[in-house]
K.L.:
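For reference, the structure I am asking about is given below.
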Number of protein chains: 2
Amino acid sequence: MSKRAQGRGGSIRARNEARILVAAEAVFAEAGFQGATTAAIAARAKLPKANLHYYFGTKQALYRAVLANILDLWLGALDAIRADRQPAEALRDYISSKMHWSRQRPNASKVFANEILHGAPQLGGYLATDLRRRVGQKAVVLRRWARQGLMDPVDPVHLVFTLWAMTQHYADFEMQVRAVLGRQRLTEADYTAATDTIVKLVLDGCKVTSGPPRKAGQGLRRSP
Amino acid sequence: MSKRAQGRGGSIRARNEARILVAAEAVFAEAGFQGATTAAIAARAKLPKANLHYYFGTKQALYRAVLANILDLWLGALDAIRADRQPAEALRDYISSKMHWSRQRPNASKVFANEILHGAPQLGGYLATDLRRRVGQKAVVLRRWARQGLMDPVDPVHLVFTLWAMTQHYADFEMQVRAVLGRQRLTEADYTAATDTIVKLVLDGCKVTSGPPRKAGQGLRRSP
DNA sequence: TCAAGAACTGACCAAACGGTCAAGATTTAG
DNA sequence: CTAAATCTTGACCGTTTGGTCAGTTCTTGA
């Protein structure tokens with residue numbers, strides 16, 4: 001009941017938990033759940049292993065905490081797809097947003113990918129309920145846009161799958177992308193080229209009618 | 001030097017190695033390299049663990065053998081993209097082929113994905129040399145098609161990435177796809193819908209001019 | 001100042017793992 | 001038939017792993 005001790009800048013607990021979560025995300029991304037060792041996570045966080053168990057109890061609990069953090073990130077992006085927006089803008093923003101996170105938080109994407117790849121033992125329930133409902137809502141929007149003639153009637157759920165696949169590919173398969181492009185590290189230009197390619201593929205592929213040329217600072221006028 | 005003993009239908013060695021490889025692919029797909037145990041692979045192959053080490057020596061050697069098998073599969077599909085074909089036909093075939101293998105050999109795709117996801121410790125060299133060269137060759141073809149006005153000038157390498165991403169998504173993220181679609185198992189119709197969506201996205205997205213309606217049995221004249 | 005709670009940690013443990021091996025069973029070539 | 005080669009396998013081993021714990025140090029509210 002009593003509020004936890006909290007120095008400014010976060011209590012000791014909050015600070016150490018955050019530190020451990022960052023280290024854990026990196027190690028889980030590199031090695032997967034089974035391959036990750038609590039010793040490796042502790043070493044990366046520069047804390048004794050026992051300290052890590054003091055805060056999170058078990059490796060699985062720590063893993064779930066990492067996943068929970070990632071989901072918050074993932075859910076945000078889909079908000080770009082709203083019925084009151086122009087499809088071109090919405091899809092462009094969504095793709096940009098996903099590509100942004102693929103670049104800035106590749107480890108988050110990798111941990112998530114690894115979880116699904118191996119049967120989603122922790123996230124299975126979430127996928128079948130929460131995620132499914134959200135995708136269903138976005139499908140309604142996409143179908144409406146198609147009915148209004150703003151885009152071709154593409155299967156909305158499969159369209160979402162392709163968006164996920166293409167954008168997350170640059171985080172999850174980064175090693176392959178780098179190897180094929182012959183890069184030591186992916187550059188800003190690489191991400192721009194990738195984003196442009198995906199945006200073109202989706203907008204032209206769905207024959208999205210680009211709205212009238214708007215000026216910057218789009219005070220999106222609701223369609224009257 | 002002396003040829004190995006080989007009963008008809010395969011020598012004991014060939015038969016057992018094949019049996020172990022099948023089991024290993026499944027277990028590696030489910031659990032990843034580190035998560036897979038030689039005991040689990042042996043149990044699935046219905047052989048004693050020691051027998052497995054008799055044939056493959058180490059877990060890593062077995063894993064490499066599994067990967068080698070998978071690469072043979074993967075390389076075949078790219079052959080669809082040849083300069084002497086119509087882009088629409090070639091791309092459609094490539095997508096269909098990849099989707100076919102995603103459905104028929106999901107474990108192969110998952111093992112491959114897991115390998116790349118965790119930094120390609122075994123395939124790193126292959127990606128940077130063999131795969132890179134092959135993609136480069138296909139990029140030449142795609143650029144030629146663009147120059148000939150048969151399709152828009154999309155960045156060919158990134159286009160290949162999107163093709164890989166979209167098609168392999170249905171194997172690697174099958175659990176998520178099933179959850180969102182609300183299916184216990186993906187049906188023939190699901191794969192058809194997915195393939196159709198991807199094909200439309202790519203062909204319209206690249207503005208591929210569907211060639212003049214050709215008759216079946218296209219006696220494609222080899223460029224002399 | 002000073003208890004009381006929170007945080008810290010080296011040492012330890014049982015279980016699980018990859019891999020080994022010696023000894024026996026089976027197959028094959030001549 | 002027979003001896004060499006191949007195949008089979010239970011038992012075993014050193015190492016690594018996730019997790020525990022008792023004892024200590026640090027932080028904080030009154």
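Quick note on labels: first sequence line is chain A, next is B, and so on, each numbered from 1.
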K.L.:
Please state whether the phosphate of D:dT6, meaning OP1 or OP2, lies under 4.0 angstrom from any side-chain nitrogen or oxygen of B:Tyr55.
P.N.:
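Checking B:Tyr55 against D:dT6: no side-chain N or O falls below 4.0 Å of OP1 or OP2.
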K.L.:
Of the candidate nucleotides C:dC8, D:dT20, C:dT27, which contains the atom at the shortest distance from the side chain of A:Ile12?
P.N.:
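Output: C:dC8.
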K.L.:
Of all the nucleotides listed (C:dT9, C:dG18, D:dT9), which has the minimum atom distance to the side chain of B:Asn51?
P.N.:
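From the listed options, D:dT9 comes nearest.
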K.L.:
Could you check how far CG of B:Asn16 sits from C1' of C:dT27, rounded to whole Å?
P.N.:
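Spelled out: CG on B:Asn16 to C1' on C:dT27 is 13 Å.
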K.L.:
Whole angstrom is fine here: how far is it from NE2 in A:His53 over to C1' in D:dT20?
P.N.:
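Value for this atom pair: 9 Å.
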K.L.:
Judged by modelled atom types alone, do B:Asp190 and B:Thr187 share a side-chain donor-acceptor pair under 3.5 Å?
P.N.:
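Yes, a side-chain donor-acceptor pair sits under 3.5 Å.
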K.L.:
Looking at B:Ser97 and B:Asp93, would you say the former's side chain and the latter's main chain have a donor-acceptor pair under 3.5 Å?
P.N.:
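No, B:Ser97 side chain to B:Asp93 backbone: no donor-acceptor pair under 3.5 Å.
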K.L.:
Of the nucleotides D:dC7, C:dG19, D:dT9, which has the atom closest to the B:Thr58 side chain?
P.N.:
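In terms of side-chain proximity for B:Thr58, the closest of D:dC7, C:dG19, D:dT9 is C:dG19.
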K.L.:
Choose from C:dT9, C:dA7, D:dT6 the nucleotide whose nearest atom is closest to any side-chain atom of B:Tyr54.
P.N.:
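Nucleotide nearest to B:Tyr54's side chain: D:dT6.
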K.L.:
Please work out whether the ring planes of A:Tyr63 and A:Phe33 are parallel, tilted or perpendicular, with thresholds of 30° and 60°.
P.N.:
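A:Tyr63 vs A:Phe33 ring planes: tilted.
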K.L.:
Could you give the CZ-to-C1' distance, from B:Arg15 to D:dT8, as a whole number of Å?
P.N.:
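Spelled out: CZ on B:Arg15 to C1' on D:dT8 is 13 Å.
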K.L.:
Could you check which residues of residues 17-38 of chain A get a heavy atom under 4.0 Å from DNA chain D? Sort them by number, please.
P.N.:
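Those residues whose heavy atoms fall under 4.0 Å from DNA chain D, taken from residues 17-38 of chain A in numerical order, are A:Ala36, A:Thr37, A:Thr38.
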K.L.:
Between the side chains of B:Asp79 and B:Arg82, is the shortest nitrogen-to-carboxylate-oxygen separation below 4.0 Å, so that they form an ion pair?
P.N.:
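Between B:Asp79 and B:Arg82 there is no salt bridge, as every charged N stays at least 4.0 Å from the carboxylate O atoms.
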K.L.:
Expressed as a whole number of angstroms, how long is the span from B:Leu52:CG to C:dT20:C1'?
P.N.:
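Atom-to-atom, B:Leu52 to C:dT20, this comes out as 14 Å.
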K.L.:
Choosing from C:dG19, D:dT9, D:dT8, which nucleotide comes nearest the side chain of B:Lys49?
P.N.:
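Of the options given, the side chain of B:Lys49 lies nearest C:dG19.
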K.L.:
Using the side-chain hydrogen bond (donor to acceptor under 3.5 Å, both in side chains) rule, collect all pairs that involve residues 22-41 of chain A, keeping only residues at least two apart or in two chains.
P.N.:
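Sorted result for residues 22-41 of chain A: A:Glu25-A:Arg105, A:Glu30-A:Arg44.
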K.L.:
Between A:His169 (side chain) and A:Ala165 (backbone), is there a donor-acceptor pair under 3.5 Å?
P.N.:
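No, the answer is negative, given that no donor and acceptor are paired below the 3.5 Å cut-off.
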K.L.:
Should A:Arg13 be listed as having a side-chain N or O under 4.0 Å from OP1 or OP2 of C:dA6?
P.N.:
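A:Arg13 to C:dA6 OP1/OP2: no side-chain N or O under 4.0 Å.
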K.L.:
On DNA chain C, does the nearest nucleotide to A:Leu47 precede the nearest nucleotide to B:Gln60 from the 5' side, or the other way round? Give the residue.
P.N.:
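Nearest nucleotide further toward 5': that of A:Leu47.
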K.L.:
Taking atom types as they are modelled, is there a donor-acceptor pair under 3.5 Å from the base of D:dG19 to the side chain of A:Lys59?
P.N.:
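No, the side chain and the base share no sub-3.5 Å donor-acceptor pair.
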K.L.:
Considering only NZ, NE, NH1 and NH2 on the basic side and carboxylate oxygens on the acidic side, decide whether A:Asp196 and A:Lys200 come within less than 4.0 Å.
P.N.:
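No salt bridge links A:Asp196 with A:Lys200.
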